[in-house]
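Okay, structure first, notes after.
Fair warning: this is a prediction, and the values are worked out from it, not measured in the lab.
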Amino acid sequence: GGEILGRSVTTLCGMDWREALAPLDRSPLDAAWQCLHTEGTPLNGQYGLKRRGEEAWVWVYCIPKSTLTGEVTEYHCLLRDVTEEMGLRDSETQLRRAIDNAPIPIMIHGENGKVLQLNKAWTALTGYRLEDIPTTSAWAERAYGDRAGWVIENVINKRYNFEIDQEVKEFEVQTAGGETRIWQFSSAPLGLSKEGFRTAMSMAVDITESRHAEQALRESEERLRLVTENMSDLVCLHDLDGRYLYVGRKSTRLNSSHRT
């Protein structure tokens, strides 16, 4: 991102990314960011900026990573320099390289069913190479099993339409090694390929560990609740101002005895 934005990596660290991008007209970016932050709508747009004194254009795609309760913990963004439209071939090469080396799983696929690109992170996390899943149907059958047909019809086939809101969806996927992972998917239509069919980019965030941690926390809280509610002593929890946050059932029994 440093070269694309005309800044050093050292300068970028700690900066608000919107300030680092510094678009010529910030209002569209702020509006898109608001939708991303409050509704989880992927940010997908091109923004003009000044880079080393010259006008440049950067395409930005950004998705949130959230917990089971909907709390956003971080954002994953992909930037592409689209200034030199005449140098389209070089730009496509840069995009493919950026996708291949991205730290999160990314797949480029077409409405004709072909998987056009599968990046290293996708292969590393699932064990599937492009030759293993050359089509979206092959991917769906391996990853979703009996749900493959439903996922293709209701999710994948809708990813190519610019007029449909591309909401973030969460799925369990089966890896080549038989492991079940939980992925948070987001997609964006990319337009027509050279052959004339529509294409889309699907990105995923692996949230398996965070979901397992949340489940373990819920189970731990439930065990604690059962223990405290069945203790013979009164158990309560209050904040620093003395307000009760939790009161065990013993309190109810005590209050009933006093009223009696």
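- Looking at every heavy atom in both residues, Thr175 comes nearest to Leu125 through CG2-O, 3.6 Å.
- The heavy-atom pair separating Arg159 from Ala200 by the smallest distance is O-CB, 3.4 Å.
- The nearest pair of heavy atoms linking Val72 to Pro64 is CG1-CB, 4.0 Å.
- In this pair, Tyr75 and His37 present their aromatic rings tilted. The plane angle is within the 30 to 60° band.
- Checking side-chain atoms of Tyr160 against main-chain N and O of Gly110 turns up a donor-acceptor pair under 3.5 Å.
- Trp139 and Asp132 are not linked by any side-chain donor-acceptor pair at a separation below 3.5 angstrom, with hydrogens and angles left out of the test.
- Here the straight-line distance linking atom CG of Leu29 with atom SG of Cys62 works out to 9.5 Å at 0.5 Å rounding.
- When side chains are defined from C-beta on, Arg198 counts as touching Leu192, because their heavy atoms get closer than 4.5 Å.
- A tilted orientation is assigned to the rings of Phe185 and Trp183, their planes being inclined by 30° to 60°.
- Within 6.0 Å of atom NZ in Lys65, more than 12 heavy atoms from other residues, nucleotides or ligands are found, so the atom counts as buried in its surroundings.
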* Begin from the C-alpha positions of Thr123 and Leu118 and carry the test side chain to side chain contact (heavy atoms under 4.5 Å, CB included) through to its verdict. => CA-CA 7 Å; Thr123 298; Leu118 203 65; 4.1 Å; yes

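- With contacts defined as side-chain heavy-atom distances shorter than 4.5 Å, the pair Glu209/Arg181 qualifies.
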* From CA spacing to verdict: side chain to side chain contact (heavy atoms under 4.5 Å, CB included), Tyr47, Asp25 -> CA-CA 8 Å; Tyr47 302 94; Asp25 182 2; over 6 Å; no

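- Closest approach of Trp57 and Asp81 over heavy atoms only: O-OD1, 3.3 Å.
- In this structure Glu19 satisfies the salt bridge (Lys or Arg N to Asp or Glu O under 4.0 Å) test with no other residue, sequence neighbours excluded.
- Between atom CD of residue Glu172 and atom CD1 of residue Ile182 there is a gap of 5.5 Å, rounded to the nearest 0.5 Å.
- The 12-atom threshold is not exceeded at CG of Asp146, counting heavy atoms of other residues, nucleotides or ligands nearer than 6.0 Å.
- Here the CE atom belonging to Met107 is positioned 7.5 Å from the OG1 atom belonging to Thr136, to the nearest 0.5 angstrom.
- Counting only distance, with no hydrogens or angles, the side chain of Ser186 and the backbone of Val168 share no donor-acceptor pair below 3.5 Å.
- Judged purely by atom type and a 3.5 angstrom limit, Asp206 uses its side chain to pair as donor or acceptor with the backbone of Thr208.
- Arg147 has its side chain within reach of Phe171: a pair of non-hydrogen atoms, C-beta onward, lies under 4.5 Å apart.
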* Evaluate side chain to side chain contact (heavy atoms under 4.5 Å, CB included) for Tyr61 paired with Met203, printing each intermediate quantity in order. => CA-CA 10 Å; Tyr61 183 73; Met203 304 172 67; 2.8 Å; yes

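- In the displayed structure, Glu170 atom CD is contacted under 6.0 Å by more than 12 heavy atoms of other residues, nucleotides or ligands.
- Side-chain contact between Val58 and Arg80: absent, with no pair of heavy atoms (C-beta onward) separated by less than 4.5 Å.
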* Step-by-step salt bridge (Lys or Arg N to Asp or Glu O under 4.0 Å) determination, Asp100 to Arg97 -> CA-CA 5 Å; Asp100 195 43; Arg97 186 180 299 116; over 6 Å; no

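- When side chains are defined from C-beta on, Asn112 does not count as touching Glu195, because their heavy atoms never get closer than 4.5 Å.
- Using a 4.5 Å heavy-atom threshold, the side chains of Gln117 and Ile106 count as separate.
- No donor-acceptor distance shorter than 3.5 angstrom exists from the side chain of Gln184 to the backbone of Ile207, with no hydrogens or angles considered.
- Summarising the geometry, atom CD belonging to Gln34 is positioned 11.5 Å from atom CG belonging to Leu43; distances are rounded to the nearest 0.5 Å.
- Expressed to the nearest 0.5 Å, how far NE2 of His109 lies from CG of Leu116 amounts to 9.0 Å.
- Scanning both residues, Ala188 and Asn44, for their nearest heavy atoms gives CB-ND2, 3.6 Å.
- Using a 4.5 Å heavy-atom threshold, the side chains of Thr126 and Pro105 count as separate.
- Between the side chains of Thr199 and Glu111, no donor-acceptor pair is found at a separation under 3.5 Å.
- The closest donor-acceptor contact from the side chain of Asn119 to the backbone of Ile99 lies under 3.5 Å.
- Nearest heavy-atom pair across Val60 and Leu79 is CG2-CG, 4.2 Å.
- Considering CD1 of Ile63 and NE2 of His76, their distance stands at 6.5 Å, rounded to 0.5 Å.
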